[in-house]
Structures are given as C-alpha cells and as structure tokens.
Amino acid sequence: MSRSYEFLKDCGTFFVLTLNGNGPAGRPFGAVMEYGGKLYFSTATMKDVYRQLTGNPNIQILALKAGTRDWIRINGTAVECKELSIKERMMTEFPALKKRFESPECECFAVFEVAEKESYMSINDKFVKVD
C-alpha cells in the first residue's frame, strides 16, 4: 500500500481540484482505492467535475488529517478508466456507491486513475516527496 493511498484512506475526505474554465474548482471526495499500484477515485458523469476532468485532466488532490497539521498534495492527470473489473472493485471497496449507482455498468458511474502523479506530504512538520 502506498503512503499516498494510506494517508487518503486515513483522512476519509480529500479534495480534488480541477479547472473550471480559467479558475480552480475544488470539491470533497471520499471514494479512493489503490489497485495494481495505481490510485483511483470515482464520480458521476452528470456532475460538473466529470466535464472538467474530461475537458482538462490536470488535477490536484489535497487532504489534511483531522486534528493534525499533516497534509498531502498529489499532482497528476485524471485518466478515465472504463475497465469493468476496476469499476467493480471500486464498488466492492465502497459499498455506499451502490446506493447511487445500480451497477458497475451504469453509464453515470465513472472511475478515474490518477496518472503521472507526484506526491508531497508534511508529517510532523517535515516536508517529503512520497511514492
């Protein structure tokens, strides 16, 4: 398990920042998984974030661990993953997704891989590059 994934899981909520035209847009996420050494998150195709991710895949993920000053920043590109086995795994790891999407085949269910990532963390006020 990578340090980036472990940190995001510990935080529970993390923020994905995208570009909305010429300005930034950020929103909270909770569904994240690591599979085959790759980091994934999910969203719905009818949301603005989906249009932003497919229009300009450059993203930043931020999270702050509650009650601490420990944080992570992940820069990368979001690559939509249409592979059914990965979508099934995301639903298995996050059963709450089944309340919003009827199945992994649902056209509204989207999973993105965080590719070309570069991660930085600050743990106990020590800044390090990870993964």
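Computed from a prediction, not measured in an experiment: that's the story for all the values here. Just so you know, these numbers use all the heavy atoms, side chains as well, and skip hydrogens, waters and symmetry mates.
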Which residue pairs pass the salt bridge (Lys or Arg N to Asp or Glu O under 4.0 Å) test with at least one member in residues 93-110, sequence neighbours excluded? Arg89-Glu93

Just wondering, do Met33 and Ile86 contact through their side chains at under 4.5 Å, heavy atoms? yes

Using the test salt bridge (Lys or Arg N to Asp or Glu O under 4.0 Å), find all partners of Lys126 that sit at least two apart in sequence or belong to another chain. none

Looking at residues at least two apart in the chain, or sitting in another chain, which of them share a side chain to side chain contact (heavy atoms under 4.5 Å, CB included) with Lys38? Tyr40, Glu113

Hey, could you give me each pair passing salt bridge (Lys or Arg N to Asp or Glu O under 4.0 Å) that has a residue in residues 67-76? Not counting sequence neighbours. Arg69-Asp125

Do Trp71 and Phe14 pass the ring-ring contact (aromatic ring centres under 6.0 Å, His included) test, and can you show the C-alpha distance, the side-chain angles, and the key distance before you say yes or no? CA-CA 10 Å; Trp71 56 263; Phe14 56 96; over 10 Å; no

Test of understanding: with side chain to side chain contact (heavy atoms under 4.5 Å, CB included), list the residues that count as partners of Pro28, not counting sequence neighbours. Thr13, Phe15

Qualifying side chain to side chain donor-acceptor pair (under 3.5 Å) pairs with a residue from residues 15-32, counting only residues at least two apart or across chains: Thr18-Arg27, Thr18-Gln52, Asn20-Gln52, Arg27-Gln52

With Lys129 via side chain to side chain contact (heavy atoms under 4.5 Å, CB included) - residues at least two apart: Glu118, Tyr120

Would Val32 and Tyr35 show up in the same hydrophobic cluster when neighbours are defined by side-chain heavy atoms closer than 4.5 Å? no

Between Thr43 and Val16, is there a side-chain heavy-atom distance shorter than 4.5 Å? no

Can you list the residues that meet the ring-ring contact (aromatic ring centres under 6.0 Å, His included) rule with Phe7, with sequence neighbours excluded? none

Do Phe41 and Leu53 come close enough that some side-chain heavy atom pair is under 4.5 Å? yes

4.5 Å side-chain heavy-atom contact, Val49 and Phe29: yes

Partner set under side-chain hydrogen bond (donor to acceptor under 3.5 Å, both in side chains) for Ser4, not counting sequence neighbours: Ser119, Asp131

Distance in Å, Ser42 OG paired with Leu97 CG, rounded so as to fall on 0.5 Å steps: 4.5 Å

Side chain proximity check, Phe101 to Lys87, heavy atoms < 4.5 angstrom: no

Can I get a per-line list of side-chain donor-acceptor pairs under 3.5 Å for residues 54-64, giving both atom names and the distance, sequence neighbours left out?
residue	atom	partner	partner atom	Å
Thr54	OG1	Tyr50	O	3.0
Thr54	OG1	Arg51	O	3.3
Asn56	OD1	Asn58	N	3.1
Asn56	OD1	Asn58	ND2	2.9
Gln60	NE2	Asn75	OD1	2.6

Please answer: with hydrophobic residues joined when any side-chain heavy atoms are less than 4.5 Å apart, are Leu17 and Val114 in the same cluster? no

Do you reckon Met90 sits in the same ILVMFWY cluster as Ile74, going by side-chain contacts under 4.5 Å, direct or chained? no

Common cluster, Met121/Tyr5, ILVMFWY with side-chain heavy-atom separation under 4.5 Å: yes

Contacts of Glu116 meeting salt bridge (Lys or Arg N to Asp or Glu O under 4.0 Å) (sequence neighbours excluded), chain-then-number -> none

